**Q** 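One structure, pasted below without further comment.
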Amino acid sequence: MSGAAIEMSAVLALLGVAVLALVLSRREQATAIVYGATLVISVIALGNAAMRLIGDPAGVSDLVLPFGLPWLGAHFHLDALAGFFLVVINLGGAIASLYALGYGRHESAPHRVLPFFPAFLAGMNMVVMAADAFSFLFSWEFMSLVSWALVMSHHREADNARAGYVYLVMASLGTLALLLAFGLLAGPQGAYGFAAIKAGTHDPAISALVLALMLLGAGSKAGLVPLHVWLPLAHPAAPSHVSALMSGVMTKVAVYAFIRVVFDLIGQTSWWMSAVILLLGGITAVLGILQAMLEKDLKRLLAYSTIENIGIIFVGLGLALAFRGSGMGVAAALAFTGALFHVVNHSLFKSLLFMGAGAVLTATGERDMEKLGGLIHRMPQTSLAFLAGCLAISALPPLNGFVSEWLAFQAVLQSPQLPDWGLKILVPAIGGLMALTAALVAATFVKTLGIAFLGRPRSEAAERAKEVDMFSLTALFLLAGLCLIGGILPGLVIDALQPLSQALVGSRLPLQSAEPWLSIAPIAETRSSYDGMLVFVFIAVSAAAAAYLIHRLASRAVRRGPAWGCGFPEYSPVAQYSGASFAQPIRRIFATLVLGASETVTMPPPGDTAPARLTVVVVDPIWTKLYLPVTGAIGWTAERLNRLQFLTIRQYLSLVFGALITLLLVLALWP
Amino acid sequence: MALILDLLVQGSQMALVLALAPLLTGFVRKVKARLTRRQGASIIQPYRDLLRLLRKEVVLAQNASWLFRSAPYLIFATTWVAAALVPTFATGLYFSWTADLIALVALLGSARFYQALAGMDVGTSFGGIGSSREVMIASFAEPAMLLTVFTVALVAGSTQLSTIAEVMSSSHVGLRVSLGMALFAMIMVAIAENARIPVDNPATHLELTMVHEAMILEYSGRHLALIEFAASLKLLLYCSLIACIFMPWSLASAEAGPVAYLVGGVVYLGKLVLLGFALAVFETAIAKMRVFRVPQFLGAALMLSLLGTLLLFVSRTL
């Protein structure tokens with residue numbers, strides 16, 4: 001069986017599990033059966049995709065199935081790009097299934113989750129496999145609708161219905177944009193197969209329009225500003241293992257769609273296109289992380305941070321497109337590799353963090369960080385894994401997040417050779433935004449870990465928390481381990497990505513596994529090099545040596561005593577720093593300008609013993625300036641059109657008559 | 001044989017930074033004391049302090065977790081690794097390619113990450129205030145530092161410190177506007193990162209405006225010794241970094257032999273004395289600023305470094 005056939009059999013099997021789940025869902029054992037099955041199928045699909053990526057990167061395996069458009073059939077293919085994204089999807093899917101074997105037992109409405117989870121995995125696999133516009137759009141819409149059903153699984157909770165509604169509207173808008181994009185690419189002959197689209201040439205105006213539509217369609221699914229508003233509502237609303245998949249993996253499917261069309265299908269691009277992508281990416285990164293910093297809901301904070309990471313990926317893609325357009329092959333390969341590396345990394349650490357948040361939710365029932373605290377004592381293993389995730393996402397060596405960040409910075413340093421002045425001025429500014437983002441990410445995750453896991457418990461629920469089950473912990477540590485491996489053996493990942501780089505930007509980086517001591521040197525060692533393995537060994541050895549020598553030679557005595565409470569005996573946990581107070585300096589400095597944050601203090605009059613109140617208001621300017629006017633206009637129009645429902649029969653007849661005449665006139669006058 | 005020699009030189013650099021760091025701190029303190037007409041403690045007082053702290057027992061807060069206990073070792077280790085990778089007396093050391101300037105900034109970032117977390121572990125408002133302000137300062141200092149790195153890397157065509165030092169000491173670099181901006185930005189960042197006046201005051205933790213000392217208030221004994229040691233190492237690191245990039249004279253190259261190493265070492269000591277003296281004079285002459293003025297101070301550094309980078313994008317010769 002060819003690679004594509006195995007992959008599609010896996011999809012079919014997943015759909016079969018979905019049907020089975022529909023039958024079984026009210027039974028006790030359904031959770032174990034469904035997640036066990038998805039785990040096995042995902043592992044098989046993962047192995048198949050990885051074999052393709054490593055074993056035969058240049059080959060393409062095709063499969064035509066007899067449905068879809070009657071004259072075309074449904075085309076599916078497995079090439080290096082699809083193989084890479086299938087690895088990301090099925091790795092995420094396998095670990096989410098493993099996690100859900102434990103986490104899913106606490107699900108209050110399993111019949112609303114179990115049938116859709118395998119279908120969601122199948123949908124994402126299908127999008128990446130699709131090789132013609134019809135199958136692609138069908139799979140895309142399938143994936144969107146199934147994930148909508150998962151977002152709505154707890155539909156009675158306060159905000160979830162609204163989240164589902166906003167998500168549905170944005171997903172429809174995205175699909176509409178994709179539909180138009182493929183229509184333009186196919187042209188009047190209706191060449192809907194990807195191979196035919198790629199073989200054809202496209203007018204520059206058409207290419208520009210397709211890019212805009214892709215930014216709208218793929219960008220809205222990925223969470224690119226200003227189309228991100230649904231993401232922080234919808235991702236946290238789903239059960240945590242689904243949140244992990246939506247944030248860690250589904251956004252990557254959108255990145256795949258963008259790469260497939262813009263890098264693979266369009267062909268030539270001009271420099272201002274990359275400038276647009278760069279600008280959107282930079283703004284997305286900074287806005288996303290600022291909103292994450294100010295958020296107090298643990299899962300929503302992670303969703304905002306997803307927006308930030310998507311921004312970084314798009315900056316990498318924009319740079320790659322700019323370098324490719326200017327014929328700077330190695331630099332393009334560097335930027336493209338950095339972006340794809342970040343795709344892998346983000347799928348790993350964001351899944352880890354969402355699953356950690358899910359563990360906290362299971363243990364305490366709380367998502368509000370202001371009611372957590374002190375979990376490190378009651379859930380030490382979850383805390384350790386969550387710490388690894390925080391270190392990785394904050395781009396700290398020796399974990400994986402740093403490597404992709406490092407590659408992105410190296411790519412920025414290649415850009416003075418770009419010929420276009422617009423890019424020359426834009427790229428250093430984007431580099432500055434990325435540096436700012438990196439620092440704010442670290443601040444945000446100090447806050448996340450510090451408020452939710454450290455300190456003293458701020459509520460009874462946090463005080464009674466217990467460590468979660470073995471399945472969840474295994475999944476968490478598996479992801480943490482992968483984050484570490486990606487960080488200390490980056491050369492392996494970079495080498496695995498080179499066939500994609502060769503195929504899509506036409507150039508590749510030198511073989512990294514030939515470098516001594518497992519270091520990476522994307523261009524030349526005198527220019528830049530980094531060795532995650534040695535950094536890890538150095539840190540581990542010097543920390544261990546210091547600890548050993550000090551305990552051996554100096555002192556190992558420990559005494560416990562009360563913390564210094566500034567002279568107050570027994571002061572309450574409420575007096576600790578809260579998330580809001582931790583974020584206050586950054587809120588004052590950055591968010592008053594960008595997000596219109598304001599705070600008002602209401603003091604009771606003298607003599608009154610009522611408490612003073614501090615109210616902080618943060619608004620998303622995009623929601624108020626862009627979405628509210630648009631929805632207002634739609635509402636206004638609908639209100640006016642509403643009159644059409646209350647006409648008399650004569651008025652209806654004249655309306656129909658008038659419409660008919662107008663249409664005929666248009667037809668007659670059409671050139 | 002050559003490998004053993006290389007490793008020996010690398011090892012001696014690691015030991016050198018460890019041995020010199022408290023001395024530099026002591027020297028700065030002594031000069032500051034003399035400038036304010038005080039006698040001041042002996043220049044080797046920091047060594048005595050460290051030894052005394054190491055031998056004392058640790059008093060842990062009741063609520064302290066494993067993170068609080070392991071953080072000092074991690075902070076010390078990351079700072080030491082970072083400090084050992086900056087060329088001091090010679091370039092091109094055996095492991096110099098392990099981490100470039102960007103990785104160096106990130107290593108210091110991870111030390112700060114552990115420190116800020118440790119500040120929040122016990123759950124007192126003092127630790128929280130320190131951590132919160134530390135990350136606020138870092139949100140300016142880190143991008144400013146990275147952009148400075150960009151400027152330097154664009155001039156030298158590399159982010160490797162050894163290559164940068166070689167390019168900088170060659171004749172065709174000369175005086176440049178962009179490098180001047182980078183130097184000013186890096187000095188401002190160094191002052192903020194090392195918790196010196198006017199951003200923070202290293203001499204006290206009894207004021208509410210303190211940042212670094214507020215984070216480590218709950219530490220004692222060997223833990224405190226390690227954190228103090230890491231702070232000295234960080235000061236030495238920034239001095240070495242400024243010396244290596246902006247005063248790269250008499251740095252021995254990799255295979256230069258013992259005499260050149262010796263010359264490099266003596267000149268390095270001279271540079272440290274110079275920078276330490278300048279720091280002491282600056283700190284004595286200026287007053288500490290309010291916390292919410294710090295963003296303006298560091299914002300200036302950020303703008304300078306961004307301008308430096310932009311200039312190099314406009315023309316490679318500026």
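The structure presented is a predicted model; accordingly, all values stated were derived computationally and were not measured. Every chain is numbered from 1 and lettered A, B, ... according to where its sequence line falls, protein lines coming before strand lines.
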**Q** Less than 4.5 Å apart, side chain to side chain, heavy atoms only: is that true for B:Thr98 and A:Ser519?
**A** no
**Q** For a 4.5 angstrom cut-off between non-hydrogen side-chain atoms, does B:Ser110 reach A:Phe402?
**A** no
**Q** Side chain, backbone, both or neither: which part of A:Ala546 has a non-hydrogen atom closer than 4.5 Å to chain B?
**A** both
**Q** Counting only non-hydrogen atoms closer than 4.5 Å, does A:Leu384 touch chain B with its backbone (N, CA, C, O), its side chain (CB onward), both, or neither?
**A**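 Both parts, backbone and side chain.
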**Q** Less than 4.5 Å apart, side chain to side chain, heavy atoms only: is that true for B:Phe95 and A:Phe538?
**A** yes
**Q** For A:Pro398, is it the side chain, the backbone, both or neither that has a heavy atom under 4.5 Å from a heavy atom of chain B?
**A** neither
**Q** With heavy-atom distances below 4.5 Å as the criterion, would you say the side chains of B:Val135 and A:Thr444 are in contact?
**A** no
**Q** Under the side chain to side chain contact (heavy atoms under 4.5 Å, CB included) rule, what do A:Leu454 and B:Val122 come out as? Steps first, then yes or no, please.
**A** CA-CA 7 Å; A:Leu454 306 181; B:Val122 176; over 6 Å; no
**Q** Which value, rounded to the nearest 0.5 Å, describes the distance between A:His377 atom NE2 and B:Asn63 atom CG?
**A** 4.0 Å
**Q** Find out whether B:Ile102 and A:Gln410 are in side-chain contact, i.e. whether some heavy atom of one side chain is under 4.5 Å from a heavy atom of the other.
**A**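 When only atoms from C-beta onward are counted, A:Gln410 and B:Ile102 do touch, with a gap below 4.5 Å.
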**Q** Could you have a look at B:Phe76, B:Tyr114, B:Trp66 and say which one has the most heavy-atom pairs with chain A under 4.5 angstrom?
**A**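 Most heavy-atom pairs under 4.5 Å with chain A: B:Trp66.
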**Q** Between A:Arg527 (side chain) and B:Thr159 (backbone), is there a donor-acceptor pair under 3.5 Å?
**A** no
**Q** Going by heavy atoms in the side chains, are B:Met120 and A:Gln576 under 4.5 Å from each other?
**A**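 Not in contact.
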**Q** Which residue pairs pass the side-chain hydrogen bond (donor to acceptor under 3.5 Å, both in side chains) test with at least one member in residues 579-588 of chain A, sequence neighbours excluded?
**A**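 Every pair satisfying side-chain hydrogen bond (donor to acceptor under 3.5 Å, both in side chains) with a residue in residues 579-588 of chain A: A:Ser578-A:Ser581, A:Arg587-A:Glu599, A:Arg588-A:Glu599.
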**Q** Against chain B, work out which of A:Ala443, A:Ala583, A:Ala554, A:Pro585 has the most heavy-atom pairs shorter than 4.5 Å and name it.
**A**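 That would be A:Pro585.
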**Q** Do the side chains of A:Ile550 and B:Leu226 get nearer than 4.5 Å, heavy atoms only?
**A**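 Yes, their side chains come closer than 4.5 Å.
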**Q** Return the option, out of A:Leu534, A:Ile451, A:Leu553, A:Ile376, with the maximum number of heavy-atom pairs under 4.5 Å with chain B.
**A** A:Ile376
**Q** Identify each donor-acceptor pair in which a side-chain atom of residues 411-438 of chain A lies under 3.5 Å from a protein atom, sequence neighbours left out, and give them as a table.
**A**
residue, atom, partner, partner atom, Å
A:Ser415, OG, A:Val412, O, 2.4
A:Lys424, NZ, A:Pro416, O, 2.9
A:Thr437, OG1, A:Leu433, O, 2.6

**Q** Could you give all pairs that pass the side-chain hydrogen bond (donor to acceptor under 3.5 Å, both in side chains) test and reach residues 68-87 of chain B, with sequence neighbours left out?
**A**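 Sorted result for residues 68-87 of chain B: empty, none.
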**Q** With a 4.5 angstrom heavy-atom cut-off, could you sort out which part of A:Phe453 is near chain B: side chain, backbone, both or neither?
**A** neither
**Q** Can you tell which of A:Ser383, A:Ala442, A:Ala544 has the highest number of heavy-atom pairs within less than 4.5 Å of chain B?
**A** A:Ala442
**Q** When heavy-atom pairs shorter than 4.5 Å are enumerated against chain B, which of A:Pro397, A:Gly373, A:Ser394, A:Ala395 gives the highest number?
**A** A:Pro397
**Q** Quick one: of B:Gly157, B:Gly299, B:Ala225, B:Gly221, who has the most non-hydrogen atom pairs under 4.5 Å with chain A?
**A**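 That would be B:Gly157.
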**Q** Only heavy atoms, only distances under 4.5 angstrom. Which residues in residues 136-150 of chain B are near chain A?
**A** B:Met136, B:Ala138, B:Ser139, B:Phe140, B:Glu142, B:Pro143, B:Leu146, B:Leu147, B:Phe150
